[in-house]
Participant: 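Structure below; questions to follow.
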Number of protein chains: 2
Amino acid sequence: MSDATQIFAIRDFNRFYTARLGLLRQRHLDGEFSLTEARMLYEIWANPRLTASNLRGILGLDRGYISRLLASLTKRKLVRQAVSKADSRERLLSLTPAGEKKMAALNRQSEKQIEEMLQGLSREERERLVTSLGVVRSLLTAQKSSEVQVERLSEVTEEVLDLLQEYYEAVGVMVRDTPESVGEIVNDPDAGVWIATLNGKIVGCAYLHSLPSMPGATECKRLYVKPSARGKGVAHALLDAQEAFARSRGFKRIYLDSKDDLRVAIGLYQRRGFVACERYNDNPQATVFLMKEIAETSTKALRR
Amino acid sequence: MSDATQIFAIRDFNRFYTARLGLLRQRHLDGEFSLTEARMLYEIWANPRLTASNLRGILGLDRGYISRLLASLTKRKLVRQAVSKADSRERLLSLTPAGEKKMAALNRQSEKQIEEMLQGLSREERERLVTSLGVVRSLLTAQKSSEVQVERLSEVTEEVLDLLQEYYEAVGVMVRDTPESVGEIVNDPDAGVWIATLNGKIVGCAYLHSLPSMPGATECKRLYVKPSARGKGVAHALLDAQEAFARSRGFKRIYLDSKDDLRVAIGLYQRRGFVACERYNDNPQATVFLMKEIAETSTKALRR
DNA sequence: CGAAAATAGTTGCTTTAAGCAACTAAGATG
DNA sequence: CATCTTAGTTGCTTAAAGCAACTATTTTCG
């Protein structure tokens with residue numbers, strides 16, 4: 001297939017898919033929210049501790065406009081703005097219970113729309129659809145931004161402790177890591193802490209530590225990316241580094257747990273080849289347990 | 001994979017792809033045309049004899065707004081509006097030479113953007129991308145709207161002659177079919193004229209006639225769908241019927257010719273499995289020659 | 001056939017989405 | 001401490017698009 005034909009096929013698909021999704025429409029299916037408002041609600045819902053500036057980065061809109069929309073959503077009691085303790089200029093955004101409810105309704109609507117789209121497809125055809133979309137996505141995500149740097153930590157710094165603290169606050173756990181507790185993992189030759197930097201600034205972290213009760217297995221924990229740095233492949237870069245490390249140490253499987261409402265994160269894990277497994281720990285917060293085989297064959301399997 | 005997981009995966013893809021398209025779109029605003037203007041120019045370029053009402057159906061915009069935009073494009077000498085002979089309320093839209101030129105520039109721009117998107121993908125990966133998009137598209141197009149009805153003509157009516165006339169005008173050929181000339185094909189047991197109706201109204205037609213010089217081959221000609229009925233699977237329905245007929249008569253291949261600037265049509269043929277072949281006639285207007293094997297194996301081949 | 005209904009398009013007016021720029025308040029820098 | 005940067009707000013403006021009332025043709029149907 002010639003280049004020109006390929007490009008035409010892609011443009012053609014874009015037009016087709018755009019029409020299919022009904023993008024370009026202004027109002028969300030609902031009527032209560034503009035498309036932009038709905039996107040804002042979604043982002044606030046999906047990203048804890050988001051700020052207006054983060055939203056600006058994600059949505060690519062004017063500061064003033066975002067400020068006004070947030071004011072409106074706040075006045076409608078759907079969004080809360082809490083002044084950040086760390087920086088009192090920032091307002092941490094979250095949904096009120098009423099906002100959560102609306103968001104759930106929006107999600108249901110959008111799910112219904114997709115169900116309609118799937119109407120008339122057999123079970124097998126649906127599988128093919130999802131697989132093909134996955135292929136497209138992984139191909140187009142492949143180009144990683146080179147600004148993201150990941151390294152295995154060799155020394156515990158204040159900055160890293162701050163980031164961990166942010167993670168604990170985000171998940172609502174009342175723990176505090178000390179230089180000693182982190183140092184222990186950092187110095188374990190079969191475990192470690194990875195940090196990701198974006199343009200020199202630390203934006204994400206993840207632990208890897210072995211599971212003594214399960215030989216050949218290691219666990220990824222405390223994977224966290226700052227809201228402002230999401231969607232840039234930071235989590236992928238961290239997991240890439242951890243998988244390479246785990247493979248080099250002879251581990252066969254990586255485990256991790258999550259909560260079922262963290263769907264964005266779980267989707268990401270699944271795209272990387274993680275599959276559901278049995279509960280392997282007694283963390284009461286965890287409701288989803290995933291595992292990935294990291295033996296050499298796994299890459300082949302992914303290609304189908 | 002559970003239903004919920006599938007739906008989530010699709011929503012997730014939609015968000016991802018929307019963001020990707022958004023990046024492409026943003027730049028579109030750099031120049032002279034708004035996104036809507038560009039879409040309008042595209043539709044006028046791709047669909048001969050379009051009217052403002054057709055545009056309204058395609059773009060889903062307000063009549064008044066479309067009228068104004070068309071007036072602006074006309075004033076800028078990019079679009080021509082010719083009063084329709086058949087219905088003097090309608091204005092048939094077409095691009096002026098200057099408009100064609102702008103359209104070509106827009107196309108180049110958009111192709112360049114997609115090239116950038118493909119940057120970093122190997123030849124093989126690009127093939128996989130296009131194939132996957134094709135799978136997605138064919139799965140989502142599968143649900144044909146049941147309102148489209150296709151039948152092989154048994155009697156030549158005024159209505160059919162009018163539609164054929166519209167086709168000739170659209171392609172700029174000065175031919176006029178008579179009841180006799182059409183009747184000849186209609187009564188040929190190995191050929192025929194198919195017509196498609198949408199909600200009872202005739203909206204498309206196509207000839208099928210054998211190629212005496214090429215045994216086992218038949219040719220599709222005069223495939224035409226009214227602008228107002230495009231994008232509803234009418235052409236697919238016509239070709240489906242013709243292929244079934246051709247197969248039943250023992251034909252092995254269907255040929256057709258086209259012009260290389262009718263990219264939408266050619267894209268459609270390619271998605272159906274037509275592949276480029278040698279010039280098989282001396283039609284001076286034709287620049288593209290396509291052929292499809294319709295032996296039983298062909299469906300398997302399509303599935304890959 | 002001719003009156004009423006439908007369709008194609010135009011135009012005046014209004015709403016909505018979103019940007020720009022100037023401003024305040026709080027932090028970061030040096 | 002003075003300056004520079006960042007987060008967010010607010011007044012003003014522009015661009016995109018809808019609504020509704022209007023004209024000019026067709027179509028329909030009693």
Side-chain angles (χ1 to χ4, degrees), chain A residues 22-28 30-40 44 49-75 79-93 158-159 162 199-201 226-229, chain B residues 22 25-26 28-40 44 49-75 79-93 158-159 162 199-201 226-229:
Chain A
L23 259 57
L24 310 158
R25 64 160 190 269
Q26 222 51 228
R27 259 0 247 190
H28 195 269
D30 191 277
E32 183 173 354
F33 302 109
S34 76
L35 195 61
T36 305
E37 283 176 325
R39 290 181 69 199
M40 259 171 66
I44 295 171
R49 301 174 62 83
L50 210 65
T51 67
S53 290
N54 299 158
L55 267 179
R56 183 164 169 264
I58 297 171
L59 303 177
L61 296 170
D62 174 71
R63 296 113 73 61
Y65 188 46
I66 287 183
S67 170
R68 250 179 278 264
L69 284 182
L70 280 175
S72 150
L73 290 173
T74 306
K75 206 164 115 196
V79 167
R80 258 189 309 249
Q81 303 192 31
V83 174
S84 162
K85 273 178 197 162
D87 181 341
S88 66
R89 289 170 307 178
E90 294 183 327
R91 267 103 237 247
L92 303 179
L93 303 171
E158 194 61 36
E159 229 183 343
D162 285 351
N199 305 321
K201 289 198 174 171
K226 284 199 179 194
S228 57
Chain B
R25 193 160 309 144
Q26 235 164 2
H28 217 299
L29 301 170
D30 65 359
E32 168 172 10
F33 304 109
S34 76
L35 177 62
T36 305
E37 282 176 325
R39 289 181 71 205
M40 255 168 74
I44 297 170
R49 300 175 61 82
L50 211 64
T51 67
S53 290
N54 298 159
L55 267 179
R56 183 164 165 264
I58 297 171
L59 303 178
L61 295 170
D62 173 71
R63 297 113 75 59
Y65 187 47
I66 287 183
S67 171
R68 251 180 277 265
L69 285 182
L70 280 175
S72 150
L73 290 173
T74 305
K75 206 165 114 197
V79 167
R80 256 189 311 248
Q81 304 191 32
V83 174
S84 163
K85 273 178 197 163
D87 182 341
S88 66
R89 291 171 305 181
E90 294 183 329
R91 268 101 239 247
L92 303 180
L93 303 172
E158 194 62 37
E159 229 185 342
D162 285 350
N199 304 321
K201 289 197 174 171
K226 282 198 182 197
S228 58

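Below, read A as the first sequence line, B as the second, and so on, with proteins coming before strands; counting in each chain starts at 1.
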Participant: Rounded to the nearest angstrom, tell me the gap between atom CD in A:E37 and atom P in C:dA18.
Facilitator: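 The answer, rounded to whole Å, is 10 Å.
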Participant: Does a donor on one side chain and an acceptor on the other come within less than 3.5 Å for A:N54 and A:T51?
Facilitator: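 Yes, a side-chain donor-acceptor pair sits under 3.5 Å.
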Participant: Does any part of the side chain of A:M40, heavy atoms only, come nearer than 4.5 Å to the side chain of A:L70, both counted from C-beta?
Facilitator: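 Of all side-chain heavy-atom pairs linking A:M40 with A:L70, at least one is under 4.5 Å.
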Participant: For B:Q81 and A:L69, find the nucleotide of DNA chain C closest to each by heavy atoms; which residue's nucleotide sits nearer the 5' end?
Facilitator: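 Taking each residue's closest nucleotide, the earlier one in sequence belongs to B:Q81.
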Participant: Measure NZ/B:K201 against P/D:dT26 and give the value in whole Å, please.
Facilitator: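 Taking NZ of B:K201 and P of D:dT26, I get 15 Å after rounding.
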Participant: If we only count heavy atoms from C-beta on, is the B:R63 to B:S53 side-chain gap below 4.5 Å?
Facilitator: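 Contact flag for B:R63/B:S53 side chains = no.
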Participant: Between A:A86 and A:D62, which is nearer to the 5' end of DNA chain C once each is assigned its nearest nucleotide?
Facilitator: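 The 5'-side residue here is A:D62.
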Participant: Please determine if a side-chain N or O atom of A:S67 lies less than 4.0 Å away from the OP1 or OP2 oxygen of D:dT9.
Facilitator: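 Looking at the OP1 and OP2 atoms of D:dT9, one of them is under 4.0 Å from a side-chain N or O of A:S67.
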Participant: On the side chain of B:R89, is there an atom forming a donor-acceptor pair with the base of C:dG9 - under 3.5 Å, no angle test?
Facilitator: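 Answer no: no donor N or O sits under 3.5 Å from an acceptor.
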Participant: Using a cut-off of 4.0 Å on non-hydrogen atoms, how would the nucleic acid contact of A:S88 be classed: base, sugar-phosphate, or nothing?
Facilitator: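 The residue A:S88 makes sugar-phosphate contact but no base contact.
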Participant: Expressed as a whole number of angstroms, how long is the span from B:R91:CZ to C:dT10:C1'?
Facilitator: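 B:R91 atom CZ is separated from C:dT10 atom C1' by 9 Å.
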Participant: Less than 3.5 Å between a donor and an acceptor, one on the side chain of A:R68 and one on the base of D:dG8, is that the case here?
Facilitator: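 Answer no: no donor N or O sits under 3.5 Å from an acceptor.
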Participant: Please give, in whole Å, the distance from C:dA18 P to B:L35 CG?
Facilitator: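 B:L35 atom CG is separated from C:dA18 atom P by 13 Å.
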Participant: Nearest heavy-atom pair of A:Q81 and A:R91: which atoms, and what distance?
Facilitator: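 So the two residues come closest at OE1-CG, 3.6 Å.
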Participant: Under 4.0 Å between a side-chain N or O of A:S53 and OP1 or OP2 of D:dT6?
Facilitator: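 For D:dT6, OP1/OP2 do not have a side-chain N/O of A:S53 under 4.0 Å.
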